[in-house]
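Let me begin by presenting the structure, written as structure tokens, before commenting on it.
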2 protein chains.
Amino acid sequence: MQVFGDYGYVGATTAQIARAAGVSQPYVVQTFGTKEQLFLAVIEQALDRLLAAFAEVVETPPGDSGDTDSSDESTLAGRLGAAYVDQLEDRGLLLSLMHAFVLGRDPVIGRVGREGFMKVYRYLRDVAGFSPQEVRGFLAEGMLINTMVGLRMIDDVDTDPDVEQLLECSFEGKLDKVRALAAADVAGSPG
Amino acid sequence: MQVFGDYGYVGATTAQIARAAGVSQPYVVQTFGTKEQLFLAVIEQALDRLLAAFAEVVETPPGDSGDTDSSDESTLAGRLGAAYVDQLEDRGLLLSLMHAFVLGRDPVIGRVGREGFMKVYRYLRDVAGFSPQEVRGFLAEGMLINTMVGLRMIDDVDTDPDVEQLLECSFEGKLDKVRALAAADVAGSPG
DNA sequence: GTCATGAGTTATCAAGCGATAACAAATCCC
DNA sequence: GGGATTTGTTATCGCTTGATAACTCATGAC
């Protein structure tokens, strides 16, 4: 998931993935059959984890979460948004999904990507109880987050005040956490 | 721009680009020096066209545009949003940008992508006069549009009522136009 | 003990890729 | 009209990549 998130489906090589996993390259291919099937497994797992995080928010009554951040943690939308940002801890999760989302032309990845995206749409509408317009707004903010993460905008937050302004009004109280995650990222990347 | 939009930076081959341009593959490489420089040229041009479209909206007084769509064409944000959707006519423009945006790890594409994204941010804030929060909301809707276009969500609009609901409340009056553009897309793709 | 099985390796291949070199032909300049 | 320059081509190379084949080696059943 990390490697696909960093380099995309085409850009990531099975050799890189094998190195990150500490195994040999042929073993990666042998285990999953093909690179495409491995990517689909990654996408499926990423989606499962995301929806599981949403489910935990929906099933948990509000007010007892550890952090009392800003960006109204009181509303359901605010709590789901916080859970979404928390998925950044799973390195490559949101980015692997995003890479799948921009490959809709691919006959198999495109179908899986559309199904996955609509699965999230239906969850937010039917389980979280959002209106279509509310879902759309929520997804829009999510896609903006994905984009800024993919751009590694956090790398410029200290040198460009405009970047700081944008990230500040996007992540608000969670910005420091995002900073820490990005710092841990570069430290743990094997090059 | 079309080829990069369809297959991404890594996925698009110089041979595909050459075929789409009606020239030989080595000529593409020879003309732009390298595939990376060609992609950067595409990104630069895409950004120029997008900002030029925004500039035309800002400089044109409201009320005299040909189409009187919904999604309040009266406000500046609504007119800029319509101009953004109009960029779908430039096939691959928004998608090429999106592909660059998810490759922020790349040392050169990442830097250009961040600069380009922030150029749009500054334009909307300083020229269009948006507040940072307004810019963020506008960009979020743009990234959602990019994602749905990248997913080719329009392919499922007739078979999945939920997709129709999502696209309807996203594009509103412009949905028919988007449909027509997608139909022209598949017709004009050389495979 | 030994045989089967699962887990993993090394060695290697065929194909596709971006890039380079050498060449061909049209166009321009004077 | 003939050299120079631009605009393109064909042929080909070296490298990378995903995939395959054949082999090794623990482990456990009986």
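In what follows, chains are A, B, ... by sequence order, proteins preceding strands, each numbered from 1. Keep in mind the model is a prediction, meaning the values are calculated, not measured.
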Atom [atom1] of [X] to atom [atom2] of [N]: distance rounded to whole Å?
{"X": "B:Gln16", "N": "C:dG18", "atom1": "CD", "atom2": "C1'", "result": "13 Å"}
{"X": "B:Glu36", "N": "C:dC17", "atom1": "CD", "atom2": "P", "result": "18 Å"}
{"X": "A:Tyr27", "N": "C:dG6", "atom1": "OH", "atom2": "P", "result": "12 Å"}
{"X": "B:Lys35", "N": "C:dT20", "atom1": "NZ", "atom2": "P", "result": "15 Å"}
{"X": "A:Phe32", "N": "D:dT20", "atom1": "CZ", "atom2": "P", "result": "16 Å"}
{"X": "A:Arg19", "N": "C:dT9", "atom1": "CZ", "atom2": "C1'", "result": "17 Å"}
{"X": "A:Gln25", "N": "C:dT9", "atom1": "CD", "atom2": "C1'", "result": "12 Å"}
{"X": "B:Tyr7", "N": "C:dG18", "atom1": "OH", "atom2": "P", "result": "13 Å"}

Parallel, tilted or perpendicular, as decided by the 30° and 60° cut-offs, for the rings of B:Phe39 and B:Tyr9
tilted

Would you mind classifying the nucleic acid contact of [X] as base, sugar-phosphate or nothing, using non-hydrogen atoms under 4.0 angstrom?
{"X": "B:Ala12", "answer": "sugar-phosphate"}
{"X": "B:Thr34", "answer": "sugar-phosphate"}
{"X": "B:Ala18", "answer": "nothing"}
{"X": "B:Ser24", "answer": "base"}

Let me confirm one number: the CG-CZ distance from A:Leu88 to A:Phe171, rounded to the nearest 0.5 Å.
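If I round to the nearest 0.5 Å, the distance is 6.0 Å.
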
If you pin A:Thr13 and A:Pro26 to their nearest nucleotides in DNA chain D, which one's is more 5'?
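Residue closer to the 5' terminus by nearest nucleotide: A:Thr13.
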
Taking NZ, NE, NH1 and NH2 as the nitrogens, is one of them in A:Asp160 or B:Arg114 under 4.0 Å from a carboxylate oxygen of the other?
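Here A:Asp160 does not pair with B:Arg114 in a salt bridge, since their nearest N and O are not under 4.0 Å apart.
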
Does A:Glu134 come within less than 4.0 Å of A:Arg125, counting only side-chain N to carboxylate O?
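So A:Glu134 does not pair with A:Arg125 through a salt bridge.
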
Base of C:dA7 paired with side chain of A:Gln30 (donor-acceptor, under 3.5 Å)
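Looking at the base of C:dA7, it does not pair with any donor or acceptor on the side chain of A:Gln30 (distance under 3.5 Å).
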
So which atom in B:Tyr7 and which in A:Leu103 form the shortest heavy-atom distance, rounded to 0.1 Å?
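Looks like O-CD2, 4.2 Å.
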
Please tell me which of the listed nucleotides, D:dA11, D:dT9, D:dT17, lies nearest to the side chain of B:Val23?
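Of the candidates, D:dT9 comes closest.
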
